[in-house]
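Residue numbering restarts at 1 for every chain, and letters A, B, ... go by the order of the sequence lines.
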Protein chains: 2
Amino acid sequence: MKKPITIHDIAKIAGVSSATVSRVLSNSTYPVSAAMKEKIQRIAKDSNYIPNLLGKQLKTNSSMTIGVIIPSISNPFYSSVILGIEGIARQHNFHVIVCNSLHDAALEEEYLKTIVENQVKGLIISSISTDKRLLKQMVDTGMKVIAIDQKVEGEGIRQIEFDYRKGGYLATRHLQGKGHKRIAYVTSQMDRPSRRSIYRGYLKATEEAGLEPVMVESAEEDVYNSAYEFDIGKKLTSQLLSSNDPPSAIFACNDVMAFGVINELTERGIQVPQDISVIGFDGIEYGQMIQPPLTTVKQPDYEMGKMACNMLMDMLKGGDGPVFDIMLQPKLLERSSVTNAKELL
Amino acid sequence: MKKPITIHDIAKIAGVSSATVSRVLSNSTYPVSAAMKEKIQRIAKDSNYIPNLLGKQLKTNSSMTIGVIIPSISNPFYSSVILGIEGIARQHNFHVIVCNSLHDAALEEEYLKTIVENQVKGLIISSISTDKRLLKQMVDTGMKVIAIDQKVEGEGIRQIEFDYRKGGYLATRHLQGKGHKRIAYVTSQMDRPSRRSIYRGYLKATEEAGLEPVMVESAEEDVYNSAYEFDIGKKLTSQLLSSNDPPSAIFACNDVMAFGVINELTERGIQVPQDISVIGFDGIEYGQMIQPPLTTVKQPDYEMGKMACNMLMDMLKGGDGPVFDIMLQPKLLERSSVTNAKELL
DNA sequence: TTGTAGGCGTTATCAC
DNA sequence: GTGATAACGCCTACAA
């Protein structure tokens with residue numbers, strides 16, 4: 001448990017000043033004689049020298065860390081996003097602090113503070129809080145921020161959004177294209193913009209087709225746990241079925257909820273898609289593993305993470321390239337949980 | 001983008017020395033007059049003071065960060081572990097750097113180095129590398145290490161293991177208890193101790209019952225992607241079915257692979273569990289969402305994360321309590337993918 | 001109760 | 001090419 005070796009120790013061994021050692025070991029462009037350079041590098045290697053990044057960061061007021069705040073890593077959508085972020089970060093020798101806000105605004109704020117205290121200069125966030133003051137204050141003091149998934153209005157905050165509204169529209173149109181007239185939309189609490197957008201897309205398609213919207217929303221607080229979403233899907237489905245005019249197709253606001261819908265239907269002996277069609281939203285990998293494989297709207301999660309991190313790296317490097325936001329487009333993943341409406345069969 | 005305010009700035013405003021400010025703002029036990037204390041706190045608040053943890057850490061050679069290295073966050077087992085870790089860490093005002101080794105030993109080593117460079121003093125790791133030299137060297141220089149899931153032999157490294165062997169034994173015995181005689185074990189590459197242990201448990205139960213083991217192992221390299229594991233499950237199943245003596249029950253080395261097994265069987269018109277029973281391993285939440293709900297062996301993932309982090313916090317605080325390793329016990333989660341063998345029906 | 005001064009490990013600015 | 005030296009923001013003997 002001996003004290004770790006520093007550039008001063010190496011300087012002493014090499015018989016030079018620590019300045020020279022620093023110049024060699026930090027790959028500075030400063031001129032150092034080839035012989036000296038080699039000697040120092042050898043000593044560093046032999047003595048298992050490990051630089052203390054704290055010293056460097058304190059001095060240079062920079063950091064090779066970025067922060068990521070997302071609702072929960074247990075959601076496969078976000079874990080894909082993170083994998084995308086981490087891959088790009090690593091290429092730039094950055095590492096990532098992941099924070100799960102667990103859908104708790106207070107926790108999100110706590111994490112924001114931690115990130116600032118640790119001198120992190122870049123942040124990618126899917127914010128669930130409605131109070132963006134702290135975030136904006138951070139931007140004012142130099143923090144580079146990319147908002148993904150959930151839009152954050154504000155000067156200096158770049159957006160990588162997903163076109164939820166169009167996704168909702170697309171899914172509904174797909175169902176309509178299969179002849180469905182009575183299409184229900186089941187959703188967890190619409191407390192976040194993304195969910196409201198999907199609903200707006202659904203409404204638009206429904207209105208355009210001159211159909212009547214059927215929406216059931218969970219009254220329960222969101223806890224971001226997949227088993228929980230699954231249960232909501234089941235509950236909302238049984239609620240839907242107890243009406244005297246049940247739908248021929250159900251559109252769920254995310255894939256896990258769609259799993260719940262399918263599960264409930266199957267347990268009641270209602271066949272999917274022969275009796276009722278089901279469409280999800282997100283495009284997580286598990287969708288292809290269930291029976292029937294889930295038709296859904298795919299969000300490019302992994303790519304979103306990569307884009308966000310690339311954009312952040314540019315900002316951190318002070319790139320003066322063009323400034324732009326990104327609106328990712330939805331894609332329909334047609335599998336087997338949707339079929340033609342009975343009238344057409 | 002003005003320079004952030006420091007304790008010196010506050011000292012100047014308050015008309016005291018920075019030492020006094022430090023004593024107040026770091027909640028030191030050092031005596032400071034109540035009036036002064038309050039004044040300093042007010043100034044700090046009014047000026048939105050945010051401490052620079054780098055300075056503190058550099059001075060005290062401590063850090064409020066722990067590192068976590070796991071194969072991949074896209075595996076729900078590990079994302080649960082991380083959620084458990086993060087919860088405890090937060091209680092102690094620690095934060096977490098998550099690193100996905102993606103089943104790549106070189107990457108794991110790279111992350112280990114980064115962690116040391118950043119003066120992180122505590123690490124929780126599910127190591128996939130066979131070369132533990134760097135890890136041990138880190139322990140020698142003071143790093144506190146908890147190995148979870150995958151055992152790491154070595155002085156000073158605490159273990160929180162899962163009894164994979166017993167889990168494998170339990171699953172096999174459960175199948176036997178339902179009258180199954182020809183039980184196949186399908187597994188991805190047995191390159192990690194955990195998988196070999198499950199297999200040993202399977203073998204033990206098989207031998208004890210005087211039955212013949214049937215094992216198919218994937219020849220393909222592991223890529224830690226759930227879609228991939230799913231495909232392996234499908235492939236190995238079709239391989240199994242092409243033999244002239246197919247099994248009446250299939251035991252998969254993890255739940256996602258079991259999904260693949262069930263999917264392949266279902267696609268071929270073989271009913272689960274009526275024709276062939278299937279049992280998984282891990283107990284991820286998605287297991288209850290498929291049809292039929294998957295019978296499996298549950299690993300206490302979230303709890304494992306909590307225990308690991310609690311243990312690490314104790315070590316970091318220099319606790320001199322008893323030193324111990326933990327062996328978590330498996331639990332059978334009986335759902336609907338296993339039924340009695342045909343002979344018994 | 002408060003202040004002074006030195007140092008944590010590194011880099012940057014001057015000199016030489 | 002190389003070396004002193006002064007920061008970076010904070011904590012902590014020690015002194016007052």
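Rounded to whole Å, the distance from NZ on A/K39 to C1' on D/dG1 is 15 Å. One can place CG of A/N118 at 13 Å from P of D/dC10, the figure rounded to the nearest angstrom. One can place CD1 of B/I7 at 13 Å from C1' of C/dA5, the figure rounded to the nearest angstrom. Going from atom CD of B/Q57 over to atom C1' of C/dC8 covers 12 Å, rounded to whole Å. The CD atom of B/E38 sits 17 Å away from the C1' atom of C/dT1 (whole-angstrom rounding). Nucleotide C/dT1 holds its C1' atom 12 Å from the CD1 atom of B/I40, rounded to whole Å. Protein atom CD of A/E117 is 15 Å distant from nucleotide atom P of D/dG9, rounded to whole Å. To the nearest angstrom, P of C/dG7 lies 11 Å from NE2 of A/H8.
A/D140 has no carboxylate O lying under 4.0 Å from a charged side-chain N of A/K136, or vice versa, which leaves the two without a salt bridge.
Residue B/S28 is out of contact with every strand shown, counting any heavy-atom pair closer than 4.0 Å. Contacts of B/N61 with the nucleic acid, taken as non-hydrogen atoms under 4.0 Å apart, are absent. Among the protein residues, A/L54 comes within range of no part of the nucleic acid, since none of its heavy atoms lies under 4.0 Å from any strand.
Listed pair B/Y49 / D/dC10 meets the phosphate criterion, a side-chain N or O lying under 4.0 Å from OP1 or OP2. Within the 4.0 Å cut-off from OP1 or OP2 of D/dG3, at least one side-chain nitrogen or oxygen of A/S17 is found. OP1 and OP2 of D/dC8 both lie 4.0 Å or more from every side-chain N or O belonging to B/T6.
Between A/I5 and A/N48 the shortest side-chain heavy-atom distance does not fall below 4.5 Å. Using a 4.5 Å heavy-atom cutoff, the side chains of B/I40 and B/M36 are in contact.
A donor-acceptor pair is defined here as one N or O able to donate and one able to accept, closer than 3.5 Å; no such pair exists between the side chain of A/D301 and the backbone of A/V81.
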Verdict with supporting geometry, A/S127 and A/S129, side-chain hydrogen bond (donor to acceptor under 3.5 Å, both in side chains): CA-CA 6 Å; A/S127 176; A/S129 168; 5.1 Å; no
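Projected onto DNA chain C by closest heavy-atom contact, B/T20 and A/I50 fall at different nucleotides, the more 5' of which corresponds to B/T20. The nearest heavy atom of DNA chain C to B/K37 and to A/I5 marks one nucleotide each, and the one closer to the 5' end goes with B/K37.
Shown here are the ring pair (Phe, Tyr, Trp, His ring centres under 6.0 Å) partners of B/F77, two or more places apart in sequence or in another chain: there are none. Listed by chain and residue number, nothing satisfies the salt bridge (charged side-chain N to carboxylate O under 4.0 Å, His left out) test with A/D314 (two or more places apart in sequence, or in another chain).
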Show the distances under 3.5 angstrom between N or O atoms of the protein and N or O atoms of nucleotides 12-16 of chain C.
from, atom 1, to, atom 2, distance (Å)
C/dC14, N4, A/Y30, OH, 3.0

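Comparing D/dT2, D/dC10, C/dT10 against the side chain of B/K56 picks out D/dC10 as the nearest.
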